[in-house]
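Heavy-atom basis, side chains included; hydrogens, waters and symmetry copies ignored.
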Amino acid sequence: MTSEPRRLRNYINGEFRDAADGRTMDVIDPATEEVYATAPLSGAADVDAAVRAAEAAFPGWRDATPGARQLALLKIADALEARADELLETECRDTGKPLELTREEELPMMLDQIRFFAGAARMLEGKSAGEYMDGLTSYVRREPIGVCAQVTPWNYPVMMAIWKFAPALAAGNTVVLKPSDTTPAATVLLAEIMGGILPKGVFNVVCGDRDTGRLMVEHPVPAMASITGSVRAGTEVAGSAAKDLKRVHLELGGKAPVIVFDDADIPKAVEDISVAGYFNAGQDCTAATRVLVHESVHDEFVATLAKAAADTRTGPGEADALYGPLNNAAQLERVAGFVDRLPAHARVEAGGRRVGDKGYYYAATVVSGLKQDDEIIQNEVFGPVITVQSFTDEEQALAFANGVQYALASSVWTKDHGRAMRLSKALDFGCVWINTHIPLVAEMPHGGFKKSGYGKDLSSYGFDDYTRVKHVMTAL
């Protein structure tokens, strides 16, 4: 006998509410394909209520001392830590992620990131005063922007929410946040946990679909729109925000090149790259899924990687699984479609198939024999599929690496320090890792160029993105 689906509600001005018109949407468990919850399908009235609540709360939160905002964020981190089991169980039900791996790999980072921005709240400052014209003193104020409309993706629901709300709240902004329509439950729980700590209206959650997000971005009140998502979604947000000149913060897709030279430690490189490529089912915009290998070690690398893929566990009932299912049926279809459409010159060295007949599981896959203009090289798969290309020299490796529309993350694997430094300068990506791939720390910025978007998450740079600069000049 199946239980009734859990009922999720919007969080607006400190209280939980259904959608004004009563519409709902089903939330699917990606491990079972069963409906386990319903969430509001919010419309214009719901968005307006949330935005107006954030607007009313803004003056008080803006004028709170940095110390008060810091204390609130520290309390939020402590509260999330105290309810970690509940939060993790909800996140993993939303996404299908392995519970203990998520506890080990994601929870410490999430708590640390909130605490980092709690510290940043007390570093909101402008340039010191000075006389740059006779008889006049100038100084610079850094101020919050206002109401921030934020949209988060389904691959890391809680962590991406933290990347949005933590710097925004630390700087003195108020927030209306929309989680992905496929993973709203953990974000609604976040609102419940934070609700007893923040003043009413400072943090609001509105569930819904693409149209709900569009209504948030197009609403006249928010001064900033921030999204983590696809290039298509980012383009639509930028276009909508342009109508009233909102500030926009975009963290979009990726196609990270992983350049492996002949002097690299191949077994160690394969071990690290396979984890960085298959973690979270490859549903990470920085995932190590586009490998470029020097021709002299290409065959050895491919054979070693294929074995690593074959040894990588996923699927229902796999206690030692590295990753769970893809997030939704459409994503499973997308990933399988890339493999099904491979050109004749490509070779599937491992995987290339769905796992089981229930749940959106896909095997760890390796594809070799590819050319630079192949679809699977040029477009983001966002699944557990690692491609391998061969290169002849440093110049060709760099051309292949930069020859895509994305520019978020990259890595170089070599013992040659000079080569690593040359490539880190020449690679057109927002992050370059050397002899590693995917570690993130709160103190360093994350964000890309080209069609990977603009603006930074994490670090003081990410904090600055949620502030505006005002010049004040006074006659002496």
Side-chain angles (χ1 to χ4, degrees), residues 1-6 8 25-39 84-107 153-159 179-187 189 271 274-284 287-289 305-340 348-367 381-386:
M1 184 175 179
T2 58
S3 59
E4 282 292 312
R6 179 182 173 189
L8 305 176
M25 56 187 182
D26 290 339
V27 184
I28 308 297
D29 183 334
T32 65
E33 302 183 45
E34 297 174 352
V35 175
Y36 84 93
T38 62
D85 288 346
E86 184 181 0
L87 187 66
L88 288 168
E89 288 169 4
T90 305
E91 165 105 344
C92 292
R93 187 73 184 272
D94 256 355
T95 61
K97 296 177 183 180
L99 178 61
E100 291 308 316
L101 188 63
T102 306
R103 185 191 308 277
E104 180 182 336
E105 296 293 334
E106 295 185 37
L107 180 64
W154 43 253
N155 58 338
Y156 295 99
V158 175
M159 189 179 297
S180 167
D181 57 337
T182 65
T183 56
T187 307
L189 179 57
E271 179 183 355
S274 62
V275 172
Y278 296 134
F279 185 83
N280 199 27
Q283 297 172 125
D284 190 313
T289 55
L305 180 61
K307 184 180 185 306
D311 291 340
T312 299
R313 305 266 68 83
T314 188
E318 287 283 357
D320 59 346
L322 175 65
Y323 64 88
L326 295 165
N327 180 258
N328 53 75
Q331 190 60 22
L332 175 62
E333 182 180 0
R334 173 181 172 83
V335 172
F338 273 103
V339 177
D340 293 344
V348 177
E349 307 281 354
R353 57 181 173 79
R354 183 177 181 176
V355 176
D357 56 6
K358 180 179 285 189
Y360 309 128
Y361 295 93
Y362 200 83
T365 299
V366 178
V367 182
V381 177
F382 220 59
V385 180
I386 297 179

Taken to the nearest 0.5 Å, the spacing of L87 CG from R103 CZ works out to 10.5 Å

Can you tell if the side chain of P30 reaches within under 4.5 Å of the side chain of D94, non-hydrogen atoms only?
no

Run the salt bridge (Lys or Arg N to Asp or Glu O under 4.0 Å) test against R353 and tell me which residues pass, sequence neighbours left out.
none

Polar side-chain atom of T365 near backbone of G352 as donor-acceptor pair, under 3.5 Å:
yes

Looking only at heavy atoms, the pair that brings A39 and P184 closest together is CB-CG, 4.0 Å

Using a cut-off of 6.0 Å, state whether more than 12 heavy atoms not belonging to E105 lie near its atom CD.
yes

Sequence-distant partners of E271, side chain to side chain contact (heavy atoms under 4.5 Å, CB included), two or more places apart
K268

With side chain to side chain contact (heavy atoms under 4.5 Å, CB included) as the test, would you mind laying out the steps for V35 and I28 before giving the verdict?
CA-CA 5 Å; V35 175; I28 308 297; 3.5 Å; yes

After noting the C-alpha distance and the side-chain angles of Y362 and V339, does the key distance pass the side chain to side chain contact (heavy atoms under 4.5 Å, CB included) rule?
CA-CA 11 Å; Y362 200 83; V339 177; 3.5 Å; yes

Set of side-chain hydrogen bond (donor to acceptor under 3.5 Å, both in side chains) partners for N327, sequence neighbours left out
T182

For the pair F382 and W154, name the ring-plane relationship: parallel under 30°, tilted 30 to 60°, perpendicular over 60°.
perpendicular

Salt bridge (Lys or Arg N to Asp or Glu O under 4.0 Å) filter on E33, not counting sequence neighbours, yields R354

Counting only heavy atoms from other residues, nucleotides and ligands, does the tally under 6.0 Å from CG of D320 exceed 12?
yes

Which residues share a side-chain hydrogen bond (donor to acceptor under 3.5 Å, both in side chains) with K358, sequence neighbours left out
none

With sequence neighbours excluded, residues passing side-chain hydrogen bond (donor to acceptor under 3.5 Å, both in side chains) with Q331
none

